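Computed from a predicted model, the values in this text were never measured in an experiment. Scope of the values below: all heavy atoms of this structure, side chains included, with no hydrogens, waters or symmetry mates. For this chain, numbers begin at 1 and follow the sequence in order.
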Amino acid sequence: MPNTRDDEQRINAIRFLSVDAVQKANSGHPGMPLGAAATAYTLWTKHLRFNPQDPAWFNRDRFVLSAGHASMLLYSLLYLTGYDLTLDDLKSFRQFGSKTPGHPEAHHTPGVEVTTGPLGQGFSNAVGLAIAEAHLAAVYNRGSDLVDHYTYVMCSDGDMMEGVASEAASMAGHLQLGKLIALYDDNKVSLAAATDVCFTENAVQRFESYGWHTEYVDIEHGNDVATIDAAISRARAVTDRPSMIVVRTHIGYGSPKQDSFKAHGEPLGPDDVKATKERLGWPLEPDFYVPDDVLAFYREAGKRGAALQEQWQRTYDAWAAANPGLAAQLRRTLQKDVPGNLPWPAVTKQNGDNIATREAGGMVMNAIAAQLPELVGGSADLDPSTKTYLKDEGDFQPGSYAGRNIHYGVREHAMAGLNNGIALHGGLLPFGATFMNFLDYMKGAVRLAAINKIRCYYILTHDSVFLGEDGPTHQPIEHLAHLRATPNVYVVRPADALETLEAWKVMVNAKEGPWTLVLSRQKLPYLGDRTAAVAQGAYVLRDSEQTPELILIATGSEVSLAAAAAEILTDRGMRVRVVSMPCWELFEQQPQSYRDDVLPPDVTARMSIEAAATFGWERWIGTRGYAYGIDHFGTSAPAAKIAEAYGFTPEHIAQVALERFAAVRR
Ligand SMILES: Cc1ncc(C[n+]2csc(CCOP(=O)(O)OP(=O)(O)O)c2C)c(N)n1
């Protein structure tokens, strides 16, 4: 059935708001909005449940534009349906300080659920949102429809090419996430060329083999509202599998650049804007034109959401009255509050000596897990090594969505991408664990977590060359420096079991993140009963009797080494302080007076000791200091041999300190 004239007008409104905004900004991507407008229109006006008056409505359907470069498609919809976004905001597309940045940013523009732009990420976030929905429904619903929404994701060729989307799609298929629906704008053109030069797989077959329900809308029907509508309806009815709707479309539809990569990433130019408007029957003037009846129609669609939310509120009220304990828990978790009386384990020499910090971490997590039901997650097929399995909390699997251990499989990138979605859904606090070295495989998603200050935990074990025999491919070197250089990321590398406990306390009480907890494979000594001031980022672990003349600063497994070296230096008559510095970022947040207490400015003889790249330590050791580290890749050998070969022994550290800082003693 051909589109009605009304449909065409409404679709054109999306197209030309996008085209005009890109033209005005002289920057952006008109191609996909032109081609995918009919799909977006159909979804947003016939299926999506949302309330522009309350973008945070808990049970709204989630919509993710994974192809973030097509941001104007989303901004047009947000404006038209009545979110807090004006026509002037669209006119400031991509301008400094505007509400309409180049790519959609969560927490910045009302109605934008997740930050997208790096292709593939949004798709993985959507899988995470769907996991969150499934889990929360299983935990909270008790026969009601309290948590009952769909997650829709619009994606592009580029999304489909990215590995992170494949990982996430494979997981979604395994997990049978029936309320996840992807709409793939299959226009066969990407940035640099038509996709026939590099991407010729059969998407329908691919997703079928992942275990998804699939729909295909052919090129004759890529703008056909009735066809797309029917495909979405069928997808919604399939609740035992996720759905992939491939919609074959024309990039740059209606423009002289149609079907060319030239339509993808640059403004059409005034002549082509005119030609496109003429071709699709749109008034040439004014720019940003929206007929009154079109706007009224969209606003009405937006208003329907308020009624849906009211209806849901009644469901909520009845549910909350019947389940006061769960209701309190939901409220608490949505506010990112944590119980004040978590059963933190006592860590002493008895249970904390000679254990790896990964072991200590597992013990702490398991002690608090029952009281922290929002904590969900798992590892990329490594939990026997990362020690992150929550023993009494069950597995998140089809048929047991209340389980809290997520088996991500060997899919680090999807793990981090899914967790971003889980966190952004609200109500949950995700963690993902792997060997620290494989941070590289998830960095794309970690960076987006950092941009959005997403509250989530990365538990990175096997944190140095001292993992030993697995050798340089598994031994992190530059990773600490990389993480520390990434804005908004907290990096905590505890020195012993007690610091690990304190690190967990700090992380659990933080409302923002992300947090990386960096843990050792090897056993470490207990550094004594003390106030392990992880919350302050650094503290004096061991001091000289009189004013120190040398400060050894170390993190993680090198703190005990520094302490042992300090003993030797003390015997040699040196006044040595040892500072444990588990978290640079927290230390930076302390008042200057505290920082000066720990690192007195007049003590310029400072040596950092860390089994990693020395990059960045100048910040704490100053121009007179010396950074002892490992500025090369590691090697396959037993840890003790590596320690000896790389000079990470108390004797050698003491020796280096004596040589480097001989002047201090004169
Ligand atoms: C991870 C990543 N790599 C590269 C890019 C740069 N880039 C932006 S859009 C795009 C490809 C666009 O093709 P497609 O996904 O088919 O979108 P369409 O052309 O249909 O708008 C590329 C390579 C990106 N945004 N993210």
Side-chain angles (χ1 to χ4, degrees), residues 27-29 55-56 62-72 74-75 78 85 89 93-129 132 153 155 158-159 162-165 168 336 377 412-426 428-432 439-458 460 479-492 507 510-517 583-586 588-589:
S27 161
H29 300 77
R62 304 307 197 264
F63 174 81
V64 174
L65 180 66
S66 190
H69 62 273
S71 52
M72 266 316 303
L74 178 54
Y75 298 149
L78 293 175
L85 205 65
D89 291 321
F93 179 48
R94 294 189 155 224
Q95 302 311 302
F96 187 84
S98 81
K99 277 160 96 174
T100 47
H103 295 83
E105 295 177 26
H107 311 309
H108 186 82
T109 311
V112 172
E113 300 282 359
V114 306
T115 297
T116 52
L119 290 161
Q121 293 292 342
F123 187 95
S124 70
N125 299 160
V127 177
L129 288 165
V153 52
C155 43
D159 286 304
E162 286 290 353
V164 65
K336 302 181 182 170
E412 294 82 5
H413 204 172
M415 174 169 72
L418 263 53
N419 281 1
N420 285 348
I422 292 172
L424 287 171
H425 183 281
L428 293 172
L429 170 51
F431 67 90
L439 169 70
D440 294 350
Y441 272 39
M442 41 195 246
K443 190 66 188 13
V446 173
R447 189 167 193 278
L448 284 164
I451 288 177
N452 279 125
K453 299 188 178 175
I454 287 177
R455 178 175 171 247
C456 66
Y457 309 141
Y458 306 106
L460 306 176
H479 301 71
L480 281 170
H482 189 159
L483 285 170
R484 287 171 180 152
T486 310
N488 300 345
V489 176
Y490 291 88
V491 187
V492 192
M507 297 196 321
K511 293 209 171 187
E512 289 184 342
W515 291 82
T516 46
L517 183 62
C583 182
W584 288 20
E585 296 79 18
L586 289 171
E588 274 159 18
Q589 290 171 9

For the CZ atom on Arg447, are there more than 12 heavy atoms of other groups (residues, nucleotides or ligands in this structure) within a distance under 6.0 Å?
no
Using the rule given for side chain to side chain contact (heavy atoms under 4.5 Å, CB included), can you reason through Asp89 versus Tyr75, listing the C-alpha separation, both sets of side-chain angles and the distance that settles it, and then say yes or no?
CA-CA 9 Å; Asp89 291 321; Tyr75 298 149; over 6 Å; no
So which of Leu517, Leu480, Leu483 actually passes side-chain contact (heavy atoms from CB on, under 4.5 Å) with Leu460?
Leu483
Knowing that exactly one of Met507, Gln589, Arg484 qualifies, which makes a side-chain contact (heavy atoms from CB on, under 4.5 Å) with Tyr490?
Gln589
Distance, nearest 0.5 Å, that separates CG of Leu129 from CD of Glu113
7.0 Å
Tell me whether Gln95 contacts the main-chain N or O of Phe93 through its side chain, where contact means a donor paired with an acceptor under 3.5 Å.
yes
Smallest separation among heavy atoms of Leu418 and Ala168, with atom names
CD1-CB, 3.9 Å
Checking Ala423 now: which residues fulfil side chain to side chain contact (heavy atoms under 4.5 Å, CB included) with it, not counting sequence neighbours?
Pro430, Ile454
Closest non-hydrogen atom pair, Phe123 against Cys155:
CD1-SG, 4.1 Å
Checking Leu429 against Lys336 for the side chain to side chain contact (heavy atoms under 4.5 Å, CB included) test, could you report, in this order, the C-alpha distance in whole Å, the side-chain angles of both residues, the deciding distance, and whether it holds?
CA-CA 8 Å; Leu429 170 51; Lys336 302 181 182 170; over 6 Å; no
Atom pair CE (Met442) and CG (Asn420), whose distance is rounded to the nearest 0.5 Å:
9.5 Å
Check whether any side-chain heavy atom of Leu78 sits under 4.5 Å from a side-chain heavy atom of Val112, and report yes or no.
yes
Spacing of His69 atom NE2 and Leu119 atom CG [to the nearest 0.5 Å]
6.5 Å
Sidechain-backbone polar pair: Ser71 side chain, Gly102 backbone, donor-acceptor under 3.5 Å
yes
Reported CG-to-OH distance for the pair Asn419 and Tyr457, which is rounded to 0.5 angstrom:
12.0 Å
If I take atom OG from residue Ser124 and atom CE from residue Met415, how far apart are they, to the nearest 0.5 angstrom?
12.0 Å
Flag the pair Leu424 / Arg62 as yes when at least one side-chain heavy-atom distance between them is below 4.5 Å, and no otherwise.
no
Minimal non-hydrogen separation, Ala449 against Cys456, with atom names
CB-SG, 4.4 Å
Any Tyr458 side-chain heavy atom under 4.5 Å of Leu439 side chain
no
Indicate whether the side chain of His107 and that of Lys453 have a donor and an acceptor atom separated by less than 3.5 Å.
no
For the pair Arg455 (side chain) and Ala510 (backbone), establish whether a donor and an acceptor sit closer than 3.5 Å, ignoring hydrogens and angles.
yes
Return the set of residues passing ring pair (Phe, Tyr, Trp, His ring centres under 6.0 Å) with His413 (not counting sequence neighbours), or none when no residue passes.
none
What are the two closest heavy atoms between Ala126 and Val64, and how far apart are they?
CB-CG2, 4.2 Å
Hey, is the main chain of Lys99 close enough, under 3.5 Å, to the side chain of Thr109 for a donor-acceptor pair?
yes
Which heavy atom of Ile422 sits nearest a heavy atom of Gly128, and at what distance?
CG1-O, 3.3 Å
Is a donor on one side and an acceptor on the other found under 3.5 Å between the side chain of Ser66 and the backbone of Val153?
no
Quick one: does Asn488's side chain get under 4.5 Å of Glu585's, heavy atoms only?
no
d(Asn452 CG, Glu105 CD) to nearest 0.5 Å is 8.0 Å
